[in-house]
Amino acid sequence: MTVPLRSHVLGDWHTPTAEGRPLFDAVTGEEVARISSDGVDFGATLDYGRRAGGPALRELTFHQRAALLKALGQHLREHRDELYAVSARTGATLGDSKFDVDGGIGVLLAYASKAKRELPNDTVHVDGDVEPLGRGGTFLGQHVCTPLHGVAVQVNAFNFPVWGPLEKLAPAFLAGVPSLIKPASPTAFLTARLVELIVDSGLLPAGALQFVAGGVGDLFDHLTGQDLVSFTGSASTAQTLRTHPAIVRNAVRFTAEADSLNLSALGPDATPGTDEFDLFVNGLVAEMTVKAGQKCTAIRRAFVPEQHVDAVVEAVSAELAEITIGNPASEGVRMGALASLDQREEVRRSIKALADAGRIVFGDPDRVDVLDADPDRGAFISPMLLVGDPERAEPHEVEAFGPVSTLLPYSSTAQLIDYAARGQGSLAGSIVTADTAFAREVVLGVAPWHGRLLVLNSRDAKESTGHGSPMPQLVHGGPGRAGGGEEMGGIRGVLHHMQRTAIQADPDTLAAITGRWVAGAERHETDVHPFRKHLEELKPGDTLVAGPRTVTQADVEHFAEFTGDTFYAHMDAEAAAANPLFGERVAHGYLIVSFAAGLFVDPAPGPVLANFGVDNLRFLTPVKFGDELTVTLTCKQLTPRESAGYGEVRWDADVTRQDGQSVARYDVLTLVAKKESGK
């Protein structure tokens, strides 16, 4: 008998106490492993994640967690061939396996990179701008995000046993929330090997990741309001889990990615012979055959102008006829097997329902020629192309989760939008057209029913990732029958695992809580110029006041001549007098910024290595000839870079005139050396 899969809970590997049920090689039908969660104490498992994993992660900053994610991605890259080999037993070709494995690793690396760029090197995330709550500036509001003190329970589907867990793990880990991974049984042996590689790396803190192979038992009974559930699977299962008493009682955050009748629409302009027609055909064939069509984003409904249906049938059928199906280990095989024999029977039932509302134009659900495999023992099925009646309910309600797509004719843009909405919510859609007006009308018409839309044409095809590929920078989810949830979406996915709290306080208290200086908080003028301080010596609130400098007519005219900016408000007295905003000639805004820099910059070599940007620049009050400018420069935020000899410093620059009125305000961004770097 094969070895049962082990769970990893309570900081150790757990071998089930029961024999479990068998898992099979999707290609040969041989038993691969057995699966059971018998003996797992789910209450203790969740508690261990909260007690051990949560505190360990919360001690780390966003950047430190990002560094661990990057290291984990690099570690898994070194073991890709091993994961590919195991993946083949799920029925996947090498291309399918790379899509799954490399895609998942790519999510880890993308999130690590985004965190370094978009999140602070801190344990708290400040969300949005400071909100003044009183006229005097002594009462402010600010939203902050802190990690939930629970566990992110991640229930995954069988079709992406590597990418699925990693796309859920990455944002939870960055947020500082431990994960409990529960894979779907048919391909759990691949996820189990993935987790073994992660645990063996020793990179993650104890309790940051736990893994349960088998059923969920009474897991959901132990959920609290600090826990989260992220589910991928059928809509019926999602509904059952969403209404679990503990989830309802404790308002547990629940996100689901479920059934999806994804569409691709061929534009009327994309006639046979155009690049767009070929892109549509190639994309449809790819979505039908990659992973044997077992993708939650695969094209199930292909909308085609009614006059082009026959041409599309001919072109798609010709390409499908060239697809070799069989053992993924054999050369030339382009489509492998479904994940299991049970899945094949489910797909066959769905094909029958779709055929009752249309006609099969390519493929036979009960017969397929395969290379180097037994078509009865392996879960093989032919790609199936149908032409359906879009007025019937079945094409918009029945999802055949395999290499199956239905062509649906339409006669007008309004009709296309109406048919699209009948899918009741989808994860992804694509519109293949070079007509921007058509693209706008369709995108805005179908967007309320879609989580993601691709407009594909010859202009973006070379860089496009294709119809269905989830991108870590963009949300993955959809409304209605697609589950109503979101995953990834860049930093949005991280913030989903955090609590947003509104803080109301005086400026000094708010600065202490957020770790960054805010307007109205105490400033510290020191004898040492702030630009002479290393990163470790700077503190939020360190301030330099410099000036005044008088702005003259000669300054303005010299700046205009030197830069070529001779806008009338600076150079034409009569025209400027007629301007209702000024009434007379005024200084250039960029002259003000330049003068301010001349006032606050320390010219000698020192810890400040570079100025790399200006944010939030606003010119608030006109500066006229004879006005005197003073600049107040305050250290606002420090962001050390973990692996570099310097960090980022954000400064508040407030330029005022002689009456105290602010004429310009902005953030100056500099790179400042660390003391230990010796610079």
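All values reported here derive from a predicted model rather than from experimental measurement.
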Query raised in the report: Taking P403 as the fixed residue, which of I381, L385, I323, T289 is the one that meets the side chain to side chain contact (heavy atoms under 4.5 Å, CB included) rule?
Result: I381

Query raised in the report: Should E196 and R6 count as an ion pair when the cut-off is N to O under 4.0 Å?
Result: yes

Query raised in the report: Side chains of F438 and L416: closer than 4.5 Å at any heavy-atom pair?
Result: yes

Query raised in the report: Quick one: do the R253 and H496 side chains pair a donor with an acceptor below 3.5 Å?
Result: no

Query raised in the report: How long is the gap from CG on D259 to CD on Q424, to the nearest 0.5 Å?
Result: 10.5 Å

**Report entry** SB check K295 E287 (cutoff 4.0 Å)
**Finding:** yes

Query raised in the report: If you measure only the distance, is there a donor-acceptor pair under 3.5 Å linking the side chains of S260 and N262?
Result: yes

Report task. Output yes when E30 and R89 qualify as a salt bridge under the 4.0 Å nitrogen-oxygen rule, no when they do not. Result -> yes

**Report entry** Pair S185-R21, side-chain donor/acceptor within less than 3.5 Å
**Finding:** yes

Report summary line: Rounded to the nearest 0.5 angstrom, the CG-NZ distance for L174 and K114 is 11.0 Å

Query - Among R300, R481, R349, salt bridge (Lys or Arg N to Asp or Glu O under 4.0 Å) partner for E399 - result: R300

Report task. Check whether any side-chain heavy atom of R492 lies under 4.5 Å from a side-chain heavy atom of V475, and answer yes or no. Result -> yes

Requested in this report: Apply side chain to side chain contact (heavy atoms under 4.5 Å, CB included) to L266 and I431, showing your working.
Outcome: CA-CA 6 Å; L266 181 68; I431 301 97; over 6 Å; no

Requested in this report: In plain terms, say whether D96 and K291 are close enough for a salt bridge, that is, a side-chain N and a carboxylate O under 4.0 Å apart.
Outcome: no

Query raised in the report: Which atom pair, heavy atoms only, marks the closest approach of D374 to D376?
Result: OD1-N, 2.8 Å

Report task. For residues P383 and I325, determine if any side-chain heavy atom of one lies less than 4.5 Å from a side-chain heavy atom of the other. Result -> yes

Query - Q154 versus S230, side-chain donor and acceptor atoms under 3.5 Å - result: no

Query raised in the report: Taking the side chain as C-beta and beyond, is there a heavy-atom pair between P165 and P183 under 4.5 Å?
Result: no

Query raised in the report: Would you say the side chains of T237 and S234 form a donor-acceptor pair under 3.5 Å?
Result: yes

Query raised in the report: Do other residues, nucleotides or ligands put more than 12 heavy atoms under 6.0 Å from Q343 CD?
Result: yes

Query - S411 vs E306, side-chain hydrogen bond (donor to acceptor under 3.5 Å, both in side chains): CA-CA, chis, key distance, verdict - result: CA-CA 6 Å; S411 59; E306 56 188 13; 4.6 Å; no

Query raised in the report: Given side chains that start at C-beta, do those of S340 and F24 come closer than 4.5 Å, heavy atoms only?
Result: no

Query raised in the report: Do Y84 and D102 get their side chains close enough for a donor-acceptor pair, meaning under 3.5 Å?
Result: yes

Report summary line: D364 and M384 have their tightest heavy-atom pair at N-SD, 3.3 Å

Requested in this report: May I ask you to decide if E346's main-chain N or O and S350's side chain share a donor-acceptor pair within less than 3.5 Å?
Outcome: yes

Query raised in the report: Is there side-chain contact between L180 and V212, with heavy atoms separated by less than 4.5 Å?
Result: yes

Query - Straight-line distance of I198 CD1 to H8 NE2, nearest 0.5 Å - result: 11.0 Å

Query raised in the report: Is the closest side-chain heavy-atom distance between L454 and S464 below 4.5 Å?
Result: yes

**Report entry** Result of checking I299, L320, V290 against V285 for side chain to side chain contact (heavy atoms under 4.5 Å, CB included)
**Finding:** L320

Report summary line: CG (L83) and CZ (R193) are apart, to the nearest 0.5 Å, by 7.5 Å

Query - ring-ring contact (aromatic ring centres under 6.0 Å, His included) between F303 and F280, intermediate numbers included - result: CA-CA 10 Å; F303 291 103; F280 177 83; 10.0 Å; no

Query raised in the report: Run the side-chain hydrogen bond (donor to acceptor under 3.5 Å, both in side chains) check on K168 and N156 step by step: do they pass?
Result: CA-CA 9 Å; K168 290 179 170 68; N156 293 290; 3.1 Å; yes

Query raised in the report: Shortest non-hydrogen contact from P479 to S426?
Result: CD-O, 3.8 Å

**Report entry** Rounded distance [0.5 Å steps], CG in L338 versus OG1 in T90
**Finding:** 10.5 Å

Query raised in the report: D269 and side chain to side chain donor-acceptor pair (under 3.5 Å): which partner among T433, T274, N457?
Result: T433

Requested in this report: Decide yes or no on side-chain hydrogen bond (donor to acceptor under 3.5 Å, both in side chains) for H476 and E257, but give the supporting numbers first.
Outcome: CA-CA 8 Å; H476 179 48; E257 178 204 317; 3.0 Å; yes

Report task. Compute the ring centroids of F401 and F158, then answer whether they are less than 6.0 Å apart. Result -> yes

Query raised in the report: Is the shortest distance from a Lys or Arg side-chain nitrogen in R422 or E391 to a carboxylate oxygen in the other one below 4.0 Å?
Result: yes

